[in-house]
Amino acid sequence: MNYKLHTLDSGLRALTVPMTSLESVTTTVWVKTGSRFEDKRINGISHFLEHMVFKGSGKRPSAKAISEVIDSIGGEFNAGTSKDWTSFYIKSRVGNLDTAMDVLSDMVFNPLLKSNEIEREKGTIIQEIAMYEDTPMIHIGDVFEELIFNGNPLGWEVAGTPKSVKEIRRQDFLDYRSAQYYPGNMIISVSGGIDETKALNMVKEYFGGFDKASSKPLSSPEFRVDQAMPMVKVNNKKSDQAHLILGFLGDNRDYKGRFAQSVLSTILSGPMSSRLFIEIRERRGLAYSIRPASERFSDTGYFGVYAGVDIKKADEAVKVILDQLYGLSDGKYPVSAKELTKTKEFLKGHMALGLEDTQAVGDFFATQALFLKEILTPEEIYKKIDAVTIDDVIYEAKRLFNPNRLNLAVIGP
């Protein structure tokens, strides 16, 4: 799978990934910003702005007018916000690519941001926050990050709080957009059944005429690791299960051992034959769901495990998880050549299946272009995975599973 990365005169980068056998194409605008670039008073503004982009633009002054155009071409559109990126996409038939780019560029670069729409949308976002808080399986990630990144904006919730959302005004959006939404901080990815030259010309036509730079781009305080003892955070909530994440401070996005860590994570809590799935669910019946819970940022990250467990057996579940993690690192439960091979093939196969979708392909390449020094193709990543040895896996386990950097977050009664 090949890609090309182009830089326009404005500094905007355009990433094209031809998938010639397909009739669909996904166009995505990526902005290298998110909740970690906010201040406490306007926590949630990145996510709030994501909502407001759909409420009306220069050419299409209402949400209905925007959605009617996308519906008329049978397209799909949505957006997402994280701690350090925001994205907006439209998936369409290749023949309607110009319409998709026209709508997307107008939405992202010319949102109306009407004060009455802002006030109306506050209620929607506050309900969204409540929905996540009422869904422990999802909310436990926020609780864990609040614990592990305490004192840093990485520990704040992406959607903000009801209080901070209520405080946001139109001028806050204008100031934030001026600081972060400029070509040098953005990438346009176009992936699917495209003619590369035509797609690039459309990017130049619809996205090429915007200001080159921000006068005052926002920065985020770097996370400094100073944890010297284990930490626990319990969010007391009436529920039928205890939802927990147990994890350790880890490494950044560009860490050279990330492929060995992926193998390690998959051995422990990836597929249905992984160690923790077998020990926690199949042999002991302690949980229905157990899966990896890890994240990486430009300066830090974490390596963890999520489980939804029987409340009365939560202690036992934590003990079993720790026994498996420490047991792998100290040789009590060695990694066999057969297990290593199976894990590598799972990772490669799972990745290949995920990249059958045009949106997933755009995400795969664009997030690398945003954050990494080098963009790797799937084939190059397969080789990186194949090169991982048992010694590499054990080395990463010993580095990560430091009892002094252990963290446990729990939601439950």
Side-chain angles (χ1 to χ4, degrees), residues 7-15 28-58 79-88 104-115 117-118 121-122 125 149 151-161 163-189 203 206-224 252-254 297-300 366-367 369-373:
T7 302
L8 279 57
D9 292 341
S10 65
L12 177 72
R13 289 183 290 169
L15 191 149
T28 308
V29 177
W30 297 85
V31 191
K32 194 176 180 180
T33 192
S35 58
R36 75 172 303 179
F37 294 91
E38 302 166 354
D39 63 54
K40 199 69 173 177
R41 184 184 70 81
I42 56 168
N43 177 210
I45 195 169
S46 304
H47 171 259
F48 201 154
L49 179 57
E50 173 213 312
H51 280 233
M52 292 308 302
V53 160
F54 292 86
K55 298 301 180 182
S57 60
T81 307
S82 77
K83 300 288 172 85
D84 54 6
W85 57 257
T86 307
S87 69
F88 309 85
L104 197 57
S105 64
D106 193 40
M107 287 169 55
V108 175
F109 286 97
N110 300 304
L112 295 180
L113 302 173
K114 296 178 182 177
S115 295
E117 291 284 1
I118 291 170
E121 195 64 17
K122 288 178 181 181
I125 292 174
F149 298 130
N152 187 278
L154 281 173
W156 302 349
E157 295 193 22
V158 171
T161 66
K163 182 179 185 297
S164 66
V165 169
K166 289 177 183 178
E167 291 295 316
I168 295 173
R169 301 291 181 262
R170 185 173 191 274
Q171 188 60 47
D172 295 319
F173 287 112
L174 298 177
D175 293 341
Y176 182 77
R177 276 180 41 77
S178 176
Q180 299 299 82
Y181 279 60
Y182 60 95
N185 204 38
M186 305 172 81
I187 287 178
I188 312 298
S189 64
V203 172
Y206 290 109
F207 296 94
F210 300 99
D211 293 339
K212 289 187 177 182
S214 166
S215 58
K216 293 181 180 179
L218 303 176
S219 61
S220 173
E222 183 175 338
F223 178 74
R224 295 186 178 182
N252 63 31
R253 291 180 185 271
D254 216 15
F297 302 98
S298 60
D299 50 349
T300 187
T367 50
L370 274 178
F371 296 106
L372 303 184
K373 298 173 184 176

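Only heavy atoms go into these numbers, but all of them, side chains included; no hydrogens, no water, no symmetry mates.
Evaluation of the side-chain hydrogen bond (donor to acceptor under 3.5 Å, both in side chains) rule for K83 yields E145 as partners, not counting sequence neighbours. In this structure, S115 has no side-chain hydrogen bond (donor to acceptor under 3.5 Å, both in side chains) partners at least two apart in sequence or on a different chain. With sequence neighbours left out, D299 forms a side-chain hydrogen bond (donor to acceptor under 3.5 Å, both in side chains) with R36. Every side-chain contact (heavy atoms from CB on, under 4.5 Å) that L372 has, sequence neighbours left out, goes to R253, D254, R258, Q368. Partners of E117 by salt bridge (Lys or Arg N to Asp or Glu O under 4.0 Å), not counting sequence neighbours, listed by chain and number: R120. Residues forming a side-chain contact (heavy atoms from CB on, under 4.5 Å) with T28 (at least two apart in sequence, or on another chain): T26, W30, S87, Y89, S189.
Minimum heavy-atom separation, L15 to A369: CD1-CB, 3.9 Å. Nearest approach of A179 to L218, heavy atoms of both residues: CB-CG, 3.7 Å. Between F149 and G155 the shortest heavy-atom distance is CB-N, 3.6 Å.
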message: As a quick check of understanding, evaluate side-chain contact (heavy atoms from CB on, under 4.5 Å) for E121 and M52, giving each step before the final call.
response: CA-CA 8 Å; E121 195 64 17; M52 292 308 302; 4.0 Å; yes

task: Give the C-alpha distance, both sets of side-chain angles, the deciding distance and a yes or no for side-chain contact (heavy atoms from CB on, under 4.5 Å) between N252 and T300.
output: CA-CA 4 Å; N252 63 31; T300 187; 5.9 Å; no

query: How far apart are the C-alpha atoms of L104 and Y206, what are their side-chain angles, what is the distance that settles it, and do they pass the side-chain contact (heavy atoms from CB on, under 4.5 Å) test?
result: CA-CA 9 Å; L104 197 57; Y206 290 109; over 6 Å; no

task: Quick one: do F207 and F109 satisfy side-chain contact (heavy atoms from CB on, under 4.5 Å)? Show the steps, please.
output: CA-CA 9 Å; F207 296 94; F109 286 97; 3.6 Å; yes

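Under a 3.5 Å cut-off, the side chain of K40 and the backbone N or O of W156 do not form any donor-acceptor pair. Formation of a donor-acceptor pair under 3.5 Å by the N43 side chain with backbone atoms of S35 is not found in this model. When atom types are taken as modelled, the side chain of S57 and the backbone of N110 share no donor-acceptor pair closer than 3.5 angstrom. Looking only at distances, a side-chain donor or acceptor of D172 sits under 3.5 Å from a matching main-chain atom of R169. Judged by distance alone, the side chain of Q180 and the main-chain N or O of T33 form no donor-acceptor pair under 3.5 Å. Without hydrogens or angle criteria, R177 side chain to P111 main chain gives no donor-acceptor distance under 3.5 Å.
In this structure, CZ on F37 lies 7.5 Å from CG on N185, to the nearest 0.5 angstrom. For the atom pair CD1 of I168 and NZ of K163, the computed distance is 11.5 Å after rounding to the nearest 0.5 Å. Here the NE2-CD1 distance, from H47 to I45, works out to 12.5 Å after rounding to the nearest 0.5 Å. To the nearest 0.5 Å, atoms CG (L154) and CD (E222) are separated by 10.5 Å. One finds the CD atom of Q171 at 10.5 Å from the CG atom of L113 (value rounded to the nearest 0.5 Å). For the atom pair E167 CD and R41 CZ, the distance stands at 7.0 Å (nearest 0.5 Å).
F210 is not listed as a side-chain neighbour of Y181, based on a closest heavy-atom distance of 4.5 Å or more. Contact of the V29 side chain with the M186 side chain is registered, since non-hydrogen atoms from C-beta on lie closer than 4.5 Å.
The aromatic rings of F48 and F173 stand perpendicular to each other, their planes meeting at an angle above 60°, with 30° marking the opposite boundary.
Side-chain N/O atoms of S46 and Y176 include a donor and acceptor closer than 3.5 Å.
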